[in-house]
Amino acid sequence: MDHKQIEKKWSQKWKDEGVYQADLKKPKKKYYNLMMFPYPSAEGLHVGNMYAFTGADVHGRFKAMQGYEVFEPIGLDGFGIHSENYAIKIGKHPMDQAKVSEKHFYEQLSRIGNRFNWDNRLETYDPEYYRWTQWLFTQMFNHGLAYRKKAQVNWCPSCKTVLADEQVESGLCERCKTAVEKRENEQWFFKITQYAQRLLDNIEKINWPEKIKISQRNWIGRKEGINITYKIKDSKETVTVFTTRPDTNFGATFVVLGVEHELVAELLNDQFSSTNFQKKQIKEYVEKTLKKSDIDRLAEGREKTGVFTGLDAINDLTKKNMPIFVTDFVLGNVGTGAVVGVPGHDKRDFEFAKEFKLEVIRVVVGADGDKSEITKLEQVQENEGKMVNSGFLDGMEIHEATEKIMDYMEDQGTGKRVVTYRLRDWCISRQRYWGPPIPMIYCEKCAKRFTPGVKKSPTPGVGMAGWYPEENLPVVLPYLKNFKPTDDGKPPLERAEKSWLFTKCPKCKGKAKRETDVSDTFLDSSWYFLRYSSIDKVGPCHANKVRPFGEDLPWDTDITNKFLPVDAYIGGAEHAVLHLLYSRFVWMALQDWGFLDKKLGIEPFPFLYGHGLIIKDGAKMSKSKGNIVNPDEYMDKYGADALRLYLMFIGPYDQGGDFKDTGIRGMSRFLARVEKLVDCITPGVKKSPTPGVELLARLRHKTIKRVTEAVEKFKYNVAIAAMMEFVNGLEKMGTDKDSIKALILLLALFTPYMAEEWWSKIGEEFSVHQQAWP
RNA sequence: GCCAGGAUGUUGAAACUGGUAGACAAGCACGACUCAAAAUCGUGUGGAAGGAAUUCCAUGAGGGUUCGAUUCCCUCUCCUGGCACCA
């Protein structure tokens, strides 16, 4: 039999007998072995996906042989821009294309030989799944974590969609590399910032790669500092700035506002006595800046521009006037949107001061001992040092001075210690077609009746004027003939049939309109691991109620309490700040609402393993580069086992590597040699020579030990090398049945098909998947 | 600019808490089998010198600790990834 027949025979048998189907009701020792599900376009899996899944499966098989009830589900993250764009490209409707893709993907996935729990698969575009994604949205709303606001958002003119901050890479769309523009739009947001501190604190308590933990810490970006409020000269108004370096405040000589700052709007509204000329200048500058995309700003480099407002802030420490400017280098959504300029000790401030001929005062002397006036950029001193020209702070180290001045400012009432985060709220809205409709209904009548302050809601956001969650889920995504996005950025669902677009208001029963945005794909994937173990075990849902614990949830509480959290989550490190942060947030929220038992632990993925990336010719595999390697042809030629073995042999699993197909023949050769050894002891076949039994046993035990240690550390390449040495030894010394049995069991992690075949060949009755680790 | 990770033969790589560097493969060369080729099997394979045993030099560069360093410490170079006008 050739490998194709063998693969067919065993995968059929595994499926028919459900041998890998975990007992979810009464697990002995459970092990939830999860791999990040693929985000497919119709081109199918590439070798990189196969690498990821194989490595994760080796881990699962190892745990299973150690006696765990391993649950290893798979599904498709099929909603989203990726699939939609592909459908547009090939001129098909995403809903039709999804069925084609699904079939192809599952075929490929079943070929690679993983011990998947096929009965528990899910697809995010299945209404049975996304009804619960929508439910999650309504719960966010009901608990005050979803809100809508007009916001400046990142707009990709090529994908014609809004992007989350996380999806913008230095001003470019992460998907198509087009320069991202800014647009004002009404958007739905989730208050992930409310969880910033917990998301940060819990990082210390999880077993994740240091690299990913650091990314998350940086992304959350906690900063301790102080908000300083300055009086504005000849006015009752004040301006508040955020700074982490109040120690240098004796050297503060100006204040800069971002263009979004409220003071700027007030200036233009004649609330100050600025001249008309100034107002005109400010207006022009603000308009010009708002039009600029991030990439324009980056292209301009550090060139500082701005406009004087005609106002002065008063530095309480020095009693000096600090002119207030509007500038584009201050970001509206960082800190208070206003910054105090200390040109001697901040490079940007120095550049700005030079441009506008503002005073530069040295207040810190650093390690180089330079006490002279600061006239060059290189002299700007941003590091450790001792205070000078700073009144009561003189002579102190900067850290001591920071504490002292903060105490002082709080005493004086001019400052207040604050903690800020870089993390922003999660923008959920997408003006696209291929996603779950956001299950909200807007009633104009109710909105008009709503008087702010009268109907006080327990949590902010709840009771937003006129908005109600849909009561009966799912809100099924209608089949739109023309689903394509347009340049005006209007959601495609605006073009849906009136019967879909308009519905009854849940409150006043009047005519109301549906939300036409769909949700971000990352919402689909933020909770899927909770769904797998409960597929087909839960009933319909109604969204507009906060349900008592355990009733009508997206999951079966019993099973979930037994199988969650995820014991090993295996995936690519590229999801370090997107998916992996959102999932943690959703888990925490669900626990806070009482939907998830506290005993499941504070994190969904206590252990995360980040595998490496398979590249081709030094570059990431991508359609645009045309360097996709399709695993099918290799599986056809050498068999799934040989490919699995080869991929795992390239290097340590966390390292990835460059795919070259020369090495794969070596794996075929190796498998053929094992086959020969197996034949030596197959009943009825020629007798093997009699080897030194003791010597063999020693070699065997050494090999088992080496393989075990290597597999535990995910060093699959070393494990395979050890098995190869073992085979070399057996060929030289001759072999016995115990050694062959051990070899097959070790190999079963990597070559599940051949292992089954050999196991039956040597006359063992039970199949390999039931055997214990040797 | 900041943070993290890395650099070992022709190539992928190995080396446990400091102890024979290069396991295991790939490639290449030669040989066996064959009319021939493929496949398979055998031998060799870091560099230099030598017929050989052997000797010297080699883990990005330089320095240090040590009886002994790929491994620990310092400086530098180059790659790879993340963040970036973040106050």
Side-chain angles (χ1 to χ4, degrees), chain A residues 165-166 168-171 209-223 225-228 241-246 248-249 252 255-258 294 297-298 300-305 327-342 345-352 382 420-424 572-574 576-577 610 612-613 615 618-620 645-652 654-670 672-673 676 703 705-706 709-710 713 715-729 731-732:
Chain A
D165 286 337
E166 288 86 337
V168 180
E169 291 172 347
S170 49
E210 206 47 44
K211 221 174 140 176
I212 296 182
K213 287 193 188 180
I214 289 163
S215 300
Q216 291 216 349
R217 273 191 215 108
N218 290 343
W219 194 262
I220 295 167
R222 184 192 149 100
K223 285 217 172 67
I226 188 165
N227 279 348
I228 307 173
V241 300
F242 171 76
T243 180
T244 53
R245 291 291 307 275
T248 61
N249 218 247
V255 168
V256 271
L257 309 174
D294 282 353
R297 287 167 66 148
L298 285 172
E300 283 168 14
R302 299 176 66 97
E303 206 102 323
K304 296 294 180 290
T305 59
T327 180
D328 65 358
F329 83 85
V330 173
L331 307 171
N333 49 7
V334 177
T336 59
V339 175
V340 59
V342 185
H345 304 281
D346 183 292
K347 287 194 171 135
R348 293 159 304 172
D349 295 353
F350 181 82
E351 285 161 348
F352 191 83
E382 295 179 321
T420 64
Y421 300 90
R422 207 191 75 110
L423 184 71
R424 312 288 151 69
E574 69 269 21
V577 286
L613 221 56
I615 55 173
K620 212 167 161 176
L645 206 52
Y646 170 65
L647 288 171
M648 295 299 102
F649 190 63
I650 291 176
D654 61 355
Q655 195 183 295
D658 206 307
F659 185 86
K660 292 197 195 80
D661 52 12
T662 49
I664 193 167
R665 285 187 42 228
M667 295 302 141
S668 286
R669 223 172 278 165
F670 170 68
R673 282 161 64 195
K676 257 188 205 162
T703 304
K705 203 178 150 217
R706 283 176 67 190
E709 282 172 8
K713 286 186 231 155
K715 291 195 151 201
Y716 298 145
N717 56 331
V718 176
I720 294 167
M723 294 188 292
M724 286 177 165
E725 268 185 78
F726 188 37
V727 168
N728 287 346
E731 281 176 342
K732 281 205 185 84

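Every chain is numbered from 1, with letters handed out A, B, ... down the list of sequences.
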Colleague: Please state how far atom NZ in Lys223(A) lies from atom C1' in rC83(B), giving the value in whole angstrom units.
Modeller: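 Roughly 10 Å, once rounded to whole Å.
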Colleague: Which is more 5' along RNA chain B, the nucleotide nearest Asp658(A) or the one nearest Lys732(A)? Just name the residue.
Modeller: Asp658(A)
Colleague: Rounded to the Å, how far apart are Arg348(A) CZ and rC2(B) P?
Modeller: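 Value for this atom pair: 14 Å.
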Colleague: State the pairing partner of rG18(B); accept Watson-Crick or G-U wobble contacts with both distances under 3.5 Å, and report none otherwise.
Modeller: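 In the structure as shown, rG18(B) has no Watson-Crick or wobble partner.
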Colleague: Among all residues two or more places apart in sequence or in another chain, which pass the salt bridge (Lys or Arg N to Asp or Glu O under 4.0 Å) test with Glu731(A)?
Modeller: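 Checked Glu731(A) against salt bridge (Lys or Arg N to Asp or Glu O under 4.0 Å); matches are Arg673(A).
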Colleague: Report the residues that fulfil side chain to side chain donor-acceptor pair (under 3.5 Å) with Asn227(A), sequence neighbours left out, ordered by chain and then residue number.
Modeller: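 Counting only residues at least two positions away or on another chain, Asn227(A) forms no side chain to side chain donor-acceptor pair (under 3.5 Å).
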Colleague: How far, in whole Å, is rG19(B) from rG68(B) if one measures between their P atoms?
Modeller: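 To the nearest whole Å, 15 Å.
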Colleague: Which residues satisfy the ring-ring contact (aromatic ring centres under 6.0 Å, His included) test with Phe350(A), sequence neighbours excluded?
Modeller: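 Listed in chain order: nothing, the list is empty.
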Colleague: Figure out the CZ/C1' separation between Phe329(A) and rC85(B), and round it to whole Å.
Modeller: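 Computing the Phe329(A):CZ to rC85(B):C1' distance gives 7 Å.
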Colleague: What's the CD1-P distance between Ile615(A) and rC79(B), to the nearest Å?
Modeller: 16 Å
Colleague: Tell me if the side-chain of Lys347(A) makes a donor-acceptor pair with the base of rC85(B), cut-off 3.5 Å, by modelled atom types.
Modeller: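 A donor-acceptor contact between them is absent.
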Colleague: Quantified in whole Å, what is the P atom distance between nucleotide rG44(B) and nucleotide rG22(B)?
Modeller: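 One P to the other, the span is 15 Å.
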Colleague: Grab the OH-P distance between Tyr421(A) and rA87(B) for me, whole Å please.
Modeller: 15 Å
Colleague: Can you sort out the partners of Asn249(A) under side chain to side chain donor-acceptor pair (under 3.5 Å), two or more places apart, ordered by chain and number?
Modeller: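 Result, side chain to side chain donor-acceptor pair (under 3.5 Å) vs Asn249(A): Tyr230(A).
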Colleague: Using the C1' atom as the reference point in each nucleotide, state the distance between rG12(B) and rA87(B) in Å, no decimals.
Modeller: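 One C1' to the other, the span is 47 Å.
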Colleague: Does a side-chain heavy-atom distance below 4.5 Å link Thr327(A) with Leu257(A)?
Modeller: no
Colleague: Who is the Watson-Crick or G-U wobble partner of rC30(B), with both distances under 3.5 Å?
Modeller: rG42(B)
Colleague: Please determine, for rA13(B), whether a Watson-Crick or G-U wobble partner exists with both distances under 3.5 Å, and give it or none.
Modeller: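 Checking every strand shown, rA13(B) finds no partner, since no pair has both distances under 3.5 Å.
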Colleague: I'd like to check the salt bridge (Lys or Arg N to Asp or Glu O under 4.0 Å) partners of Arg222(A); sequence neighbours left out, ordered by chain and number.
Modeller: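 Counting only residues at least two positions away or on another chain, Arg222(A) forms a salt bridge (Lys or Arg N to Asp or Glu O under 4.0 Å) with Glu224(A).
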Colleague: Across all strands shown, which nucleotide pairs with rU70(B) by Watson-Crick or G-U wobble geometry, both distances under 3.5 Å?
Modeller: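 Matched rU70(B) with nothing under the 3.5 Å cut-off.
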Colleague: In whole angstrom, give me the gap between the P atoms of rA48(B) and rA26(B).
Modeller: 24 Å
Colleague: Using atom C1' of each nucleotide, how far apart are rC72(B) and rC83(B) to the nearest Å?
Modeller: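 Between the two C1' atoms, the distance is 30 Å.
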Colleague: Scan every strand shown for a Watson-Crick or G-U wobble partner of rU65(B), both distances under 3.5 Å, and answer none if you come up empty.
Modeller: none
Colleague: For Gln216(A), what residues pass the side chain to side chain donor-acceptor pair (under 3.5 Å) criterion, not counting sequence neighbours?
Modeller: Arg584(A)
Colleague: Between Asp654(A) (CG) and rA13(B) (P), how many Å, whole number?
Modeller: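 Atom-to-atom, Asp654(A) to rA13(B), this comes out as 11 Å.
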Colleague: Can you see whether Tyr421(A) has Lys223(A) sitting over its ring - NZ or CZ less than 6.0 Å from the centre and within 45° of the normal?
Modeller: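 No; the conditions do not both hold, so Lys223(A) does not lie above the ring face of Tyr421(A).
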Colleague: Once you round it to whole Å, what is the distance between C1' of rA87(B) and CG of Asp328(A)?
Modeller: 15 Å
Colleague: Side chains of Phe649(A) and Val718(A), heavy atoms from C-beta outward: is any pair under 4.5 Å?
Modeller: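 Phe649(A) does not reach Val718(A) side chain to side chain.
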Colleague: Could you tell me how far rA52(B) sits from rC67(B) if I compare only their C1' atoms? Round to whole Å.
Modeller: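 Comparing C1' positions in rC67(B) and rA52(B) gives a spacing of 33 Å.
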Colleague: Where the side chain of Ser215(A) is defined as all heavy atoms beyond and including C-beta, which of rG82(B), rU40(B), rA87(B) is the nearest nucleotide?
Modeller: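 Given the options rG82(B), rU40(B), rA87(B), the side chain of Ser215(A) is closest to rG82(B).
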Colleague: Any chance you could list the contact pattern along nucleotides 14-33 of chain B? Use B for base contacts, S for sugar-phosphate-only contacts and - for none, protein heavy atoms under 4.0 Å, 5' to 3'.
Modeller: SS-------BBSSS------
Colleague: Using ring-ring contact (aromatic ring centres under 6.0 Å, His included) as the criterion, list what pairs up with Phe659(A), not counting sequence neighbours.
Modeller: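 Applying ring-ring contact (aromatic ring centres under 6.0 Å, His included) to Phe659(A) gives Tyr634(A), Tyr646(A).
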Colleague: Please classify the glycosidic conformation of rG63(B) as syn (within 90° of 0) or anti (everything else).
Modeller: anti
Colleague: Check the interface with nucleotides 3-11 of chain B: list each N/O to N/O pair with the protein under 3.5 Å, or write none.
Modeller:
none

Colleague: Taking any strand in view, what nucleotide pairs with rC85(B) in a Watson-Crick or G-U wobble way, both distances under 3.5 Å?
Modeller: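 The answer is none; no pair meets the criterion.
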Colleague: Below 4.5 Å, heavy atoms only, C-beta onward: do Leu613(A) and Glu574(A) meet side chain to side chain?
Modeller: yes
Colleague: Considering only atom C1', compute the distance from rU70(B) to rU8(B) and round it to an integer number of Å.
Modeller: 7 Å
Colleague: Lys304(A) has an atom NZ; how far is it from atom C1' of rA87(B), in whole Å?
Modeller: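 To the nearest whole Å, that distance equals 12 Å.
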Colleague: Quick one: look up who rU77(B) pairs with, Watson-Crick or G-U, both distances under 3.5 Å, and put none if it's unpaired.
Modeller: rA7(B)
Colleague: For residues Glu725(A) and Thr703(A), determine if any side-chain heavy atom of one lies less than 4.5 Å from a side-chain heavy atom of the other.
Modeller: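 No. Closest side-chain heavy atoms not under 4.5 Å.
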Colleague: Just name whichever nucleotide pairs with rC56(B), Watson-Crick or G-U, keeping both distances under 3.5 Å, else none.
Modeller: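 Across any shown strand, rC56(B) pairs with rG47(B).
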Colleague: Could you tell me how far rA21(B) sits from rU59(B) if I compare only their C1' atoms? Round to whole Å.
Modeller: 8 Å
